[in-house]
Protein chains: 2
Amino acid sequence: MTKKPTPTAFPTHAPHLIKDAVKLIASYPKVPITVDCVIFGFEENELKVLLIRSDLEMYKGFWSLLGDNAKDNEELDSAAYRILKERTGMNDVYLDQVRAFSHPQRHPGGRVITLAYCSLLNIQHHELKIYANELHWHSFSSIKEMAFDHKEILDTCYAWLQKRIQEHPLGFNLLPDKFSLRELQNLYEAILGVSLDRRNFRKKFASMGLLIDVGEMEEDVPHRPGKLYKFNFEKYEKNKRKWIGIDF
Amino acid sequence: MTKKPTPTAFPTHAPHLIKDAVKLIASYPKVPITVDCVIFGFEENELKVLLIRSDLEMYKGFWSLLGDNAKDNEELDSAAYRILKERTGMNDVYLDQVRAFSHPQRHPGGRVITLAYCSLLNIQHHELKIYANELHWHSFSSIKEMAFDHKEILDTCYAWLQKRIQEHPLGFNLLPDKFSLRELQNLYEAILGVSLDRRNFRKKFASMGLLIDVGEMEEDVPHRPGKLYKFNFEKYEKNKRKWIGIDF
DNA sequence: TTATTATTGTGTAAGATGTACACATTTAAA
DNA sequence: TTTAAATGTGTACATCTTACACAATAATAA
């Protein structure tokens with residue numbers, strides 16, 4: 001998902017040239033940088049987002065994204081993974097950089113630039129080790145107000161997600177390994193905020209050939225159980241380019 | 001194009017709370033931030049990009065993006081507009097934030113995080129006031145090597161442009177006010193790197209209804225001249241949402 | 001003035017995809 | 001045994017995509 005910037009190979013140069021470069025950089029104003037992670041999940045037919053309580057007294061009681069400052073010489077992608085790990089224990093999650101938020105008054109303590117990172121994950125797969133202050137999954141639609149400009153960041157990431165899920169079949173990241181077509185459709189409907197024709201939805205996914213019938217049925221549903229499928233990751237990886245642009 | 005972050009309305013609080021917030025921020029490492037602008041244009045059937053010579057002795061002779069440091073308390077979007085203006089005199093141009101590049105060794109003078117901004121413009125409309133060191137348009141495809149990690153940034157922005165131009169009919173930003181369908185098609189072919197069927201291309205744009213026949217013909221072409229069109233910006237703005245997803 | 005060259009402008013048929021829509025079947029629960 | 005709720009399935013129609021050819025026009029060169 002996220003493309004890691006590769007190190008720049010710059011020619012090694014005479015020390016006085018390096019000194020010049022260092023001097024130039026030293027003349028630039030410096031800014032504290034933070035990373036905020038927007039972690040989406042899906043459960044009980046609802047899009048959820050992982051939040052903590054703000055640790056600033058000023059925003060006491062407000063919900064806040066999982067964020068912290070980037071360390072010296074730390075790549076931002078690495079910072080995002082580190083912060084997520086520190087606060088939730090999660091390890092095996094992809095994060096995508098979404099954008100920077102840099103309004104000079106976005107933080108009451110002074111100027112901070114933050115980079116928003118976003119991820120989709122399967123809530124069942126990631127037990128929360130609650131290292132952070134009141135770490136909880138929240139129904140996305142119930143979040144009206146947040147600390148700092150975090151509501152704006154959240155909304156930007158939601159828009160990013162809506163777009164993203166139509167370009168790649170990432171819905172699978174949000175579901176259990178085995179899922180029914182109804183669950184898959186509910187997911188798309190929840191994220192896109194539309195209702196979709198059941199037959200056409202099934203036809204669409206059938207024609208993509210990305211679903212493997214695992215030969216099992218749903219259990220413990222109060223109605224006729226549906227077949228369970230798993231996602232054909234192998235085929236997806238092979239034909240990645242093709243799936244861009246899924247229309248419903 | 002670019003969505004400006006809106007100021008956060010945070011409740012005014014007791015001074016000691018503000019002090020806490022300030023203290024928190026003060027404990028964060030600080031990083032120099034720069035902005036680099038990738039300005040694409042189109043001329044002589046070629047995608048072009050606006051570059052300057054690196055002003056670092058170390059990268060003497062290398063081409064470099066239009067960049068500079070963000071100032072204290074300056075929003076990054078504003079910084080990008082300011083820098084573009086300072087270096088080229090250009091005023092009336094949209095810039096979109098693309099992404100941050102933060103590899104700790106990306107600059108020989110030490111850690112600098114840069115935010116890439118991207119724009120498409122009509123070369124004829126924007127006479128360059130050359131405030132910068134050897135500011136020139138370059139054929140995109142001729143650029144093989146650049147200062148710092150600027151080649152990587154350029155390539156990322158090119159990929160962004162390819163995607164972007166298929167989601168919105170932004171090709172128009174790159175063309176003169178009046179253009180022929182051939183010019184429009186050349187533009188798409190150049191940016192997407194494919195060749196398109198002429199009849200189908202024309203049909204597609206005709207059906208979008210975004211072209212207005214200005215009742216004039218091309219001049220000074222060594223063959224039968226084509227009709228000239230202008231872009232129906234008004235209609236585009238009204239139906240913006242609809243145009244997402246232009247397939248050829 | 002004429003012939004040559006390059007490019008414009010135009011339509012259609014076949015295939016692929018999207019959309020709207022209904023009914024018998026299956027399970028759990030009452 | 002009935003009821004409720006959801007599954008599984010196919011078709012016709014409209015829309016969009018793709019492939020493809022030829023006469024008309026203007027500029028240029030002979």
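Below, read A as the first sequence line, B as the second, and so on, with proteins coming before strands; counting in each chain starts at 1. Note that this is a predicted model, so its numbers are computed, not measured.
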Problem set entry | Contact under 4.0 Å: A/Lys227 side-chain N or O vs D/dT7 OP1/OP2 | no

Exercise. Rounding to a whole Å, what distance do you find between A/Leu181:CG and D/dG8:C1'?
Worked result: 10 Å

Exercise. Side-chain donor or acceptor of B/Arg199 under 3.5 Å from a matching atom on the base of D/dA21?
Worked result: yes

Exercise. Rounded to whole angstroms, how far apart are CG on B/Leu196 and P on D/dT18?
Worked result: 10 Å

Exercise. Any side-chain donor-acceptor pair under 3.5 Å between A/Asp92 and A/His125?
Worked result: no

Problem set entry | Donor-acceptor pair (no angle test) under 3.5 Å: A/Lys203 side chain, C/dT17 base | no

Exercise. If you draw the axis of the six-membered ring of A/Phe201, does the NZ or CZ of A/Arg199 fall within 45° of it and under 6.0 Å from the ring centre?
Worked result: no

For this session: Inspect the surroundings of NZ in A/Lys151 and state if more than 12 heavy atoms from other residues, nucleotides or ligands are less than 6.0 Å away.
Result: yes

Exercise. Which whole-number value in Å describes the distance from A/Lys204 NZ to C/dA20 C1'?
Worked result: 16 Å

For this session: Figure out the CG/C1' separation between B/Leu184 and C/dT8, and round it to whole Å.
Result: 15 Å

Exercise. Counting any heavy atom closer than 4.0 Å, what does B/Arg182 reach on the DNA or RNA strands: base, sugar-phosphate only, or nothing?
Worked result: sugar-phosphate

Problem set entry | Whole-Å distance separating the CZ atom of A/Phe205 from the C1' atom of D/dT9 | 18 Å

Exercise. Taking CG from A/Asn200 and P from D/dA14, how many angstroms apart are they, rounded to a whole number?
Worked result: 16 Å

For this session: Using a strict cut-off of less than 4.0 Å between a Lys/Arg side-chain nitrogen and an Asp/Glu carboxylate oxygen, indicate whether B/Arg182 and B/Glu218 qualify as a salt bridge.
Result: yes

Problem set entry | Rounded interatomic separation in angstrom, taking CG from B/Asp197 and P from C/dG9 | 15 Å

For this session: Do nucleotides 25-30 of chain C as a string where each nucleotide becomes B, S or -: B if the base has a protein heavy atom under 4.0 Å, S if just the sugar-phosphate does, - if no protein is that close.
Result: BBBS--

For this session: If a pair satisfies salt bridge (charged side-chain N to carboxylate O under 4.0 Å, His left out) and one of its residues is in residues 125-146 of chain A, list it, with sequence neighbours excluded.
Result: A/Arg53-A/Glu134

Exercise. Thinking salt bridges, do B/Lys227 and B/Asp213 make one under a 4.0 Å N-O criterion?
Worked result: yes

Exercise. Which of these nucleotides, D/dG8, D/dA21, C/dG11, is closest to any side-chain atom of B/Arg198?
Worked result: D/dA21

For this session: Calculate the interatomic distance between B/Phe201 atom CZ and D/dT17 atom P; express it in whole Å.
Result: 14 Å

Problem set entry | Main-chain N/O of B/Ile191 paired with B/Tyr158 side-chain donor or acceptor, under 3.5 Å | yes

Problem set entry | Quiz item: A/Arg202 side-chain donor-acceptor pair to D/dG8 base, under 3.5 Å | no

